[in-house]
A.B. asks: 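My questions all concern the structure below.
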Number of protein chains: 2
Amino acid sequence: MSTPHAILISLLERPSSGYDLARRFDRSMGYFWRATHQQIYRELGRMLQQGWVAVIGETTGEAATPRKKVYQVLPAGRAEVVRWVQETDTDVDGRNVFLIKLRAEAVIGPLGLDAELERLVALHRARLQTYLDIEQRDFSPADALTHAQQVQYAILKGGIRSEQSWLAWAEEVLPLLKS
Amino acid sequence: MSTPHAILISLLERPSSGYDLARRFDRSMGYFWRATHQQIYRELGRMLQQGWVAVIGETTGEAATPRKKVYQVLPAGRAEVVRWVQETDTDVDGRNVFLIKLRAEAVIGPLGLDAELERLVALHRARLQTYLDIEQRDFSPADALTHAQQVQYAILKGGIRSEQSWLAWAEEVLPLLKS
DNA sequence: GGTGACATGTAACGTGTTACATGATTTC
DNA sequence: GAAATCATGTAACACGTTACATGTCACC
């Protein structure tokens, strides 16, 4: 449910052809969201029908051959992005979905994402606490762990570290969203 | 392509019913891998046919009603886990896939995951460097950034922090896998 | 004239998600 | 005896992935 919106936001940043989008999703955008060209063409077709985007360029050479089609976001598409960003149901694990929303804020302007970020912070704090509790309960005597236990502990420590790092980031970002 | 293997590893840890598995995938396992009960039953059916697992309990009350079916991993299933773990094509973004593999190492024993972790470390180092390059190029004068640029920078910093944290974790885990 | 990048699509398949469905056992 | 939990499953749909398919343009 996020791919079409990721595409819309990319198009808001710069009107592009499907091919262009596919390349951007392989590069900068691709670091936090993936989409193949088949997916992109499928979504562009749907969004055309829904009136979210329009073709502006259509540099058709002369024959019936498909030549570069440049897509642009229509007001309805922009409104849809705002609606989607503000439907505050980002999943705890859907960190990248939040990054897409941030990208929307960068291109559209303040969208009130601070409330959602605070919600996510609370969820991640709770999860971190769960991990720390498990650590206390299962891995408290740091020595005397079997190999299997050490590996399990390593998995847990990965979770702890990742939550801590995410929280530190969120604390840094929050002031930016409070306007 | 990883869900059946996540299930197999869960079953190696403890033979269970589909219902049991579903609950575990909502709790401990669920922190890094998700699967609904429908998915689990579907996969259990397939794995039965492939001879990877067998039903041992089948506590059928008396009527034709479905009662607790306990699944156990067969040698072929265990071999499949080892094969899958050692096919070293974990994706850079598929961090959680590597966590499942670690869990397999915890339950089966050393599987030579150090080589793959080193491969991943190299990929993450390269990605981190890419991010740092972008930081240098686009956000060098820390002041004089528009709001939009600050938000974009925040997204980038999220990537940087996440890579650094992952790398620190990997450095810590690596010695454990070198046996 | 051949290779590689540009550019757009269709079709088939696998997996994950949502909704529906049924019945047994335990607890209040 | 009603409600919650245990327990297993089917069906339809949405989405992502892989493979296939076609044709243009620029460059050597």
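Quick note on labels: first sequence line is chain A, next is B, and so on, each numbered from 1. What you see is a predicted model; the values in this text were computed from it and never measured.
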A.B. asks: Produce the list of close N/O pairs, under 3.5 Å, pairing protein atoms with atoms of nucleotides 15-19 of chain C; give distances to one decimal.
C.D. replies:
residue : atom : partner  : partner atom : Å
dT15(C) : OP2  : Arg46(B) : NH1          : 2.9
dG16(C) : OP1  : Thr3(B)  : OG1          : 3.0
dG16(C) : OP2  : Gln39(B) : OE1          : 2.9
dG16(C) : N7   : Arg42(B) : NH1          : 2.9
dG16(C) : O6   : Arg42(B) : NH2          : 3.3
dT17(C) : OP2  : Gln39(B) : NE2          : 3.4
dT17(C) : O4   : Arg42(B) : NH2          : 3.4
dA19(C) : N6   : Gln38(B) : NE2          : 2.8

A.B. asks: Residues from residues 5-31 of chain A sitting under 4.0 Å of DNA chain D, heavy atoms only?
C.D. replies: none

A.B. asks: Looking at Lys69(A), I'd like to know whether one of its side-chain N or O atoms comes within less than 4.0 Å of OP1 or OP2 on dG9(C).
C.D. replies: yes

A.B. asks: Find the distance Leu44(A):CG to dG9(C):P and express it as a whole number of Å.
C.D. replies: 9 Å

A.B. asks: Salt bridge between Lys101(B) and Glu116(B), side-chain N to carboxylate O under 4.0 Å?
C.D. replies: yes

A.B. asks: Could you state the interatomic distance from NZ (Lys68(A)) to OG (Ser16(A)), rounded to the nearest 0.5 Å?
C.D. replies: 8.5 Å

A.B. asks: Identify, with sequence neighbours excluded, every residue that meets salt bridge (charged side-chain N to carboxylate O under 4.0 Å, His left out) alongside Arg127(A).
C.D. replies: Asp93(A)

A.B. asks: If you count heavy atoms of other groups shown closer than 6.0 angstrom to CD of Gln136(A), is the number above 12?
C.D. replies: no

A.B. asks: May I ask you to evaluate whether Tyr41(A) reaches the phosphate of dG9(C), defined as a side-chain N or O under 4.0 Å from OP1 or OP2?
C.D. replies: no

A.B. asks: If you round to the nearest 0.5 Å, how far is CG of Leu102(B) from CD1 of Ile155(A)?
C.D. replies: 5.0 Å

A.B. asks: Over 60° means perpendicular and under 30° means parallel, so tell me whether Tyr131(A) and Tyr31(B) are parallel, tilted or perpendicular.
C.D. replies: perpendicular

A.B. asks: Any idea how Phe98(A) and Trp169(A) line up, ring-wise: parallel (<30°), tilted (30 to 60°), or perpendicular (>60°)?
C.D. replies: perpendicular

A.B. asks: Mind checking the CG-CD1 spacing from Leu74(A) to Ile56(A)? Nearest 0.5 Å is all I need.
C.D. replies: 10.0 Å

